[in-house]
Amino acid sequence: PSQVSLEKVESSLGTSDFNLSGGIQNFIGFALSENEILQGNLNFTSSITDLNELMVSDTTNQEIDTLDQEGALEVVEIPGNIQFELNASIDKLLYDNLSLEKFQGKVLVQDQAIILKNNSFQLLNGAFALSGKYSTKDSTKPSYSFSFGIQALSIGKAFDSFETIKKFVPVAEQVSGDFSTDFNVNGILGTDMMPLTETINLDGLVKIAEASLNEGNFVNKLSALNSL
């Protein structure tokens with residue numbers, strides 16, 4: 001047969017559960033000729049997926065040494081003869097200290113690109129949305145484009161949960177309120193898979209609703225300056 005079907009596969013690992021269905025078409029033709037296209041689709045559902053359990057927790061020194069010896073990353077080329085669609089629906093997704101709720105998303109592999117389409121989830125009482133594309137149609141100039149949106153995320157909860165905010169926006173610890181943002185970014189990656197700064201295009205808007213600055217070190221220092 002040139003087609004393999006997954007009617008319904010159920011599995012579990014630790015506290016995580018997985019339900020899979022879908023199929024792969026034309027795998028014999030794909031194996032015999034580089035001009036044939038491998039097509040497939042996979043539907044993934046889960047009531048809870050704990051990435052902390054699934055990820056390898058102890059990276060060995062040998063793996064780190066190997067990475068150092070190999071040097072910088074290289075461009076990951078997306079095959080042009082694969083068309084694949086992954087649809088995911090996860091009620092609760094756990095990663096590090098974060099709990100993502102109602103994750104819905106689609107990943108497409110087509111036309112030498114990986115496409116994230118209409119991915120969404122809820123986190124810290126806020127709503128997140130992500131779409132994007134990584135393309136190697138020109139493997140010498142791999143490109144990326146992403147759009148990201150957040151609606152009604154608590155500033156205080158974001159400070160408690162994200163180390164980046166603690167590092168770069170420490171005053172957020174003393175701010176009460178919610179913020180929303182929409183931004184888009186696109187550009188070209190170098191041969192080491194790092195963004196070329198001269199090609200980065202970024203635009204966006206941050207909206208803060210009913211924010212207030214609470215008592216704290218920043219307010220005290222500001223008050224001291226005003227009293228001079």
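Residue indices begin at 1 and follow the sequence shown.
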Testing the basics here: between Phe44 and Leu86, what is the closest heavy-atom pair and its distance to 0.1 Å?
CB-CD1, 4.2 Å
Linking I/L/V/M/F/W/Y whenever any side-chain heavy atoms sit under 4.5 Å apart, do Met193 and Phe146 land together?
yes
Closest approach of Gly190 to Val75 (non-hydrogen atoms, all atoms of both residues)
O-CG2, 3.8 Å
Has the side chain of Ser120 got a donor or acceptor atom that lies under 3.5 Å from a matching backbone atom of Ala129?
no
Would you check, one step at a time, whether the test side-chain contact (heavy atoms from CB on, under 4.5 Å) holds for Val107 with Phe84?
CA-CA 8 Å; Val107 180; Phe84 187 80; over 6 Å; no
Roughly how far, to the nearest 0.5 Å, is the CD1 atom of Ile114 from the CG atom of Leu108?
10.5 Å
Minimum heavy-atom separation for Thr136 and Pro142, please, with both atom names.
CG2-CB, 4.2 Å
Does Ala113 offer a backbone N or O that forms a donor-acceptor pair with the side chain of Asp111 under 3.5 Å?
no
Roughly how far, to the nearest 0.5 Å, is CG of Asn52 from CG of Asp96?
6.0 Å
Would a single hydrophobic cluster contain both Leu94 and Leu54, if residues Ile, Leu, Val, Met, Phe, Trp and Tyr are joined by side-chain heavy-atom contacts under 4.5 Å?
no
Proximity of Tyr134 and Tyr144 rings by center, below 6.0 Å:
no
For Glu7 and Ser5, test the side chains for any donor-to-acceptor distance below 3.5 angstrom and give the result as yes or no.
no
Quick check: does any side chain N or O of Thr49 sit under 3.5 Å from a backbone N or O of Leu93, one acting as donor and the other as acceptor?
no
Is there a donor-acceptor pair closer than 3.5 Å between any side-chain N or O of Ser131 and the backbone N or O of Asn118?
yes
Do you know which two heavy atoms are closest between Lys106 and Asn87, and how far apart they sit?
CE-OD1, 2.9 Å
Find the distance between CD (Gln3) and CD (Gln39) and round it off to the nearest 0.5 Å.
10.0 Å
Are Asn81 and Glu34 close enough that a side-chain donor and a side-chain acceptor fall under 3.5 Å?
no
Taking Asp50's backbone N and O only, do any of them form a donor-acceptor pair with Ser16's side chain (distance below 3.5 Å, no angle check)?
yes
Any chance you could measure Ile90, atom CD1, to Gln104, atom CD, to the nearest 0.5 Å?
9.0 Å
Show your reasoning for whether side-chain contact (heavy atoms from CB on, under 4.5 Å) applies to Phe148 and Val185.
CA-CA 9 Å; Phe148 187 64; Val185 61; over 6 Å; no
Would a distance-only check, ignoring hydrogens and angles, find a side-chain to backbone donor-acceptor pair under 3.5 Å from Ser46 to Ile48?
yes
Decide whether Phe27 and Leu32 are clustered together by the hydrophobic rule: side chain heavy atoms of Ile, Leu, Val, Met, Phe, Trp, Tyr closer than 4.5 Å, transitively.
yes
Determine the minimum heavy-atom distance between Ala158 and Phe179, stating which atoms define it.
CB-CE2, 4.4 Å
Give a yes or no on whether the backbone of Leu6 and the side-chain of Ser21 come within a donor-acceptor separation of less than 3.5 Å.
no
For the student: nearest non-hydrogen atoms of Asp182 and Gly149, plus distance
OD1-CA, 3.6 Å
Looking only at atom types and distance, does a side-chain atom of Asn26 sit under 3.5 Å from a main-chain N or O of Leu38, one as donor and one as acceptor?
no
Take Ile150 and Ser180 through the side-chain contact (heavy atoms from CB on, under 4.5 Å) test and state the conclusion after the steps.
CA-CA 5 Å; Ile150 303 174; Ser180 300; 5.8 Å; no
Taken to the nearest 0.5 Å, the spacing of Lys92 NZ from Leu100 CG works out to 11.0 Å
Sub-3.5 Å donor-acceptor pair from the side chain of Ser11 to the main-chain atoms of Phe18, do we have one?
no
Single-linkage hydrophobic cluster Ile155~Leu205, side-chain heavy atoms < 4.5 angstrom:
no
Same cluster or not: Ile115 versus Leu130, using hydrophobic residues (I, L, V, M, F, W, Y) connected whenever any side-chain heavy atoms lie under 4.5 Å apart?
no
Gap separating the CD1 atom of Ile37 from the CD atom of Gln25, nearest 0.5 angstrom
12.0 Å
Going by distance alone, is a donor N or O of one side chain under 3.5 Å from an acceptor N or O of the other, for Asn125 and Ser154?
no
Can any side-chain N or O of Glu53 pair as donor or acceptor with the backbone N or O of Thr15 at less than 3.5 Å?
yes
Do the ring planes of Phe128 and Phe121 sit parallel (below 30°), tilted (30 to 60°) or perpendicular (above 60°)?
parallel
